[in-house]
J.: 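Have a look at the structure that comes next, please.
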There are 2 protein chains.
Amino acid sequence: MLSRNECVALDQHDPLAPLRNEFLLPEGLIYLDGNSLGVTPKASVSRARQLVQHEWAANLIQSWNKAGWFDLPTRLGDKLAPLIGANAGEVVVTDSTSINLFKALAGALRIQSLEPATAQRKVIVTERSNFPSDIYIAQGLSQWLNRGYQLRLVDSPEELHEAIDSDTTVVMLTHVNYRSAHMLDLQGVTAHAHRQGALIIWDLAHSAGAVPVELNLANADFAVGCTYKYLNGGPGSPAFIWVAPRHQAHFFHPLSGWWGHAAPFAMDPSYQAGSGIKRALCGTQPVISLALVECGLDIFSRTDMGAIRKKSLALTDLFIDLVETRCAMHPLKLATPREHHLRGSHVSVEHPDGYAVMQSLIERGVIGDYREPHIMRFGFTPLYLRFSDVWDAVDTLFDILDSSAYQSGQARVAVT
Amino acid sequence: MLSRNECVALDQHDPLAPLRNEFLLPEGLIYLDGNSLGVTPKASVSRARQLVQHEWAANLIQSWNKAGWFDLPTRLGDKLAPLIGANAGEVVVTDSTSINLFKALAGALRIQSLEPATAQRKVIVTERSNFPSDIYIAQGLSQWLNRGYQLRLVDSPEELHEAIDSDTTVVMLTHVNYRSAHMLDLQGVTAHAHRQGALIIWDLAHSAGAVPVELNLANADFAVGCTYKYLNGGPGSPAFIWVAPRHQAHFFHPLSGWWGHAAPFAMDPSYQAGSGIKRALCGTQPVISLALVECGLDIFSRTDMGAIRKKSLALTDLFIDLVETRCAMHPLKLATPREHHLRGSHVSVEHPDGYAVMQSLIERGVIGDYREPHIMRFGFTPLYLRFSDVWDAVDTLFDILDSSAYQSGQARVAVT
């Protein structure tokens, strides 16, 4: 077990340590919830001021062209692409994750329905423990299409292999589980889905900026994800969608708004899908929230996902080790895989009074969150978190548990 | 024809004149494009700072509850409701206009398909001159449902009456045309659609905050619209959707994301639509762009749509009169109805060199915009525009035309 001094020493030799200075971090707070809402890049403060006072107030309508507002979805998509193993022209930042998943699933089902070998397949495979909104979107789309699509909800990652079979048209999975942080084998599951003749959509909400993702290397088909967690884009900032280059010309979805049109300003009364990834766009985007995504992305250009992953595993290893050693006498149960290759960048710990313990932690400035049932989630974001923060967080947890300084209670907190 | 002095006198007696002080208006600019992108409320500057530095940077995840982020769609919807003749609990501000139209159209088609009297109807009526994205959405949804729906594109408002017949399932119209400013009879067309057994969806993009709208009085069924034009919500700020109370319990759409779930944090793997208008929500919203909508809405609470309409008509009357009198020797043609009851809050004027003339106007600080073919659009926003501004704008137009101080050219500008 490391001492606090040893943690401080790790911080002193941490190659990512300088990046902490790029963020506004509230004094005295240990923020272990960057997997839910990322912190604020310092650059976002001046960028927001520039957007409101200069681009909007002073330059008004001209900013659509002069400030590049209209190109934000593709420009930000190009910047985000390297973080998920994609190339320029394959990603746009737009709309919400749920809406982008709707587009991807609609597009994937359509491609499969036009292929004689797969046209009769009706099964969409996902995990029962997937983020519920993903399941709701699949339910909604299936019901509306009314062509007999059915959802196969798999109860554990181990059952996935068998569940993806010759009836499967589309597999729709979240790479890192929002609750357990269990990480699926993106390349292996993709290859298995393809061997079975299925297409695969990855939700990277808890992966982008958190763990290395190689969409092209894995030969994946579609992906969606979130920019307000590990990418620090701002509260509810628009999501992203990636379409493999080989599918782009065949990618159609029903949200065919004017931003996806080949010539939006021709005012043609007939929809013609734009070329490439642009056809994933629909309507006018929320420019201020969208533009702030860039401040978060720019910080990633100063490091790489290999370095981030290395520190992420060190932080989560340290947290698990300290919790299990120091709090061994308390009824805590690790709900996150111990194996590196199965672990994302947060750690979930069960406790019978999980909600109350988390409330006490928050009161003492250690911010994690709570998920039913009994789960305390702690996110570890290498860009701004220190090894000594982990030590201090566990020290606070230990103190709360040891002094029983928490009260049972029930209520729910916050968002994803 | 009024003199400039008479216009200045009108400004001095204008009861809305004090509201101009609520906005940041660039020195020396006459902004006649508030129908495309509204100007910046002064309050938006401090609100944006508060959002980024206080709610996001300092309070982080806790702001979802403590700063009311999660309730923004309904809270802003309640504030917007009186501007369109709706009540609290009937409107949410969320997503884009195109996506909200998709929800409304899907919901309306479903209701009609479950009613024996209308289940066999397959015709969706709209205008060929409707904003193209609205038509694209109807095309997209129809193709995907694959149940024989067809679009009937009407060539002029006069043909609407006949086009809405006993084959019509849903009528989908924009109240004020984005190009001509032609305003449809919302109450009359709604009544006619209902007599024919059809449901009606109104797009209020160029109406909300511009002209009085009485959705409940007209007994309309669904409405969508935009907050970044006359409502001054900020570039691309999220749109709104209204569902008549009588339809809310039967309103279902395929974008069934977690924000529309009855219990979003129960993490139930099966979708259960929330009660009332909340089921129109889908995914996590872009909080900063969304929250800024409130700054624009708050200004409307200091006046009412009657006063706004009175000044709007006075401004557009003055503009038309000055243009037709002072520029009579130039090939200008009014493309906006002269009759008050047919006119929205912008004026469109055709000129063979419309694009070049508009570029010259913009260079001289008179900001309108251009729409193919040949149309110069001038928006009149009573909250911040002066009668003397109208006089000065026409004076500049006169000078440009009279001195032929423009060059033919071709290109396109800006966004709706």
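Proteins come first, then strands; the chains are lettered A, B, ... in the order of their sequence lines, and each starts at number 1.
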J.: In terms of heavy-atom pairs under 4.5 Å with chain B, which of A/Ser98, A/Pro132, A/Ser256 leads?
T.: A/Ser256

J.: For chain A, which of B/His261, B/Arg179, B/Gln143 has the most heavy-atom pairs under 4.5 Å?
T.: B/His261

J.: Count the heavy-atom pairs under 4.5 Å between each of A/Trp144, A/Tyr271, A/Phe252 and chain B, then report the option with the highest count.
T.: A/Trp144

J.: Any idea which of B/Ser129, B/Gly283, B/Pro235 has the most non-hydrogen atom pairs under 4.5 angstrom with chain A?
T.: B/Pro235

J.: Among B/Lys66, B/Arg128, B/Arg147, which residue forms the greatest number of heavy-atom pairs with chain A at distances under 4.5 Å?
T.: B/Arg147

J.: Heavy-atom distance under 4.5 Å to chain A: side chain of B/Asp268, backbone, both or neither?
T.: both

J.: Heavy-atom distance under 4.5 Å to chain A: side chain of B/Asn100, backbone, both or neither?
T.: neither

J.: Using a distance-only test with no angle check, is there a side-chain donor-acceptor pair under 3.5 angstrom linking B/Thr381 and B/Tyr384?
T.: yes

J.: Can I get a per-line list of side-chain donor-acceptor pairs under 3.5 Å for residues 48-55 of chain B, giving both atom names and the distance, sequence neighbours left out?
T.:
{"from": "B/Gln50", "atom 1": "OE1", "to": "B/Arg47", "atom 2": "NH1", "distance (Å)": "2.7"}
{"from": "B/Glu55", "atom 1": "OE1", "to": "B/Trp69", "atom 2": "NE1", "distance (Å)": "2.8"}
{"from": "B/Glu55", "atom 1": "OE2", "to": "B/Arg47", "atom 2": "NH1", "distance (Å)": "3.0"}

J.: For the interface with chain A, which of B/Gly38, B/Gly34, B/Ser237, B/Pro264 has the highest count of heavy-atom pairs at distances below 4.5 Å?
T.: B/Gly38

J.: Taking B/Ala280's backbone N and O only, do any of them form a donor-acceptor pair with B/Lys103's side chain (distance below 3.5 Å, no angle check)?
T.: yes

J.: Name the member of B/Cys282, B/Pro238, B/Gly234 that forms the most heavy-atom pairs with chain A at distances under 4.5 Å.
T.: B/Gly234

J.: Side chain, backbone, both or neither: which part of B/Ser270 has an atom under 4.5 Å from a heavy atom of chain A?
T.: both

J.: Return yes if a side-chain donor-acceptor contact under 3.5 Å exists between A/Asp95 and A/Gln285, otherwise no.
T.: yes

J.: What part of B/Phe23 lies closer than 4.5 angstrom to a heavy atom of chain A: side chain, backbone, both or neither?
T.: neither

J.: When you measure from the side chain of B/Arg279 to the backbone N and O of B/Gly274, does any donor-acceptor pair fall under 3.5 Å?
T.: yes

J.: In Å, rounded to the nearest 0.5 Å, how long is the span from CD of A/Glu372 to OH of A/Tyr355?
T.: 9.5 Å

J.: What residue in B/Gly140, B/Ser96, B/Ser289 has the most heavy-atom pairs under 4.5 Å with chain A?
T.: B/Ser289

J.: By a 4.5 Å heavy-atom criterion (distance strictly below it), what part of B/Leu292 contacts chain A: side chain, backbone, both, or neither?
T.: side chain

J.: Side chain, backbone, both or neither: which part of B/Ile135 has a non-hydrogen atom closer than 4.5 Å to chain A?
T.: side chain

J.: Output yes when a side-chain donor or acceptor of B/Tyr228 lies under 3.5 Å from a complementary backbone atom of B/Asn232, and no otherwise.
T.: no

J.: Are the side chain of B/Ser46 and the backbone of B/Ala43 linked by a donor-acceptor contact shorter than 3.5 Å?
T.: yes

J.: So for B/Thr97, is it side chain, backbone, both, or neither that comes closer than 4.5 Å to the heavy atoms of chain A?
T.: neither

J.: Sequence neighbours excluded, which residues qualify as ring-ring contact (aromatic ring centres under 6.0 Å, His included) partners of B/Phe251?
T.: B/Phe222, B/His253

J.: B/Ile137 versus chain A, heavy atoms under 4.5 Å apart: side chain, backbone, both or neither?
T.: both

J.: Do you know which of A/Thr40, A/Leu24, A/Asn59 has the most heavy-atom pairs with chain B at a distance under 4.5 angstrom?
T.: A/Thr40

J.: I'd like to know which of A/Pro286, A/Pro26, A/Pro373, A/Ala106 tops the heavy-atom pair count under 4.5 Å against chain B.
T.: A/Pro286

J.: Whether the side chain of B/Asp203 engages the backbone of B/Met172 through a donor-acceptor N/O pair (distance < 3.5 Å, no angle test) should be reported.
T.: no

J.: Ignoring hydrogens and angles, state whether a donor on the side chain of A/Ser348 or A/Ser180 is under 3.5 Å from an acceptor on the partner side chain.
T.: no

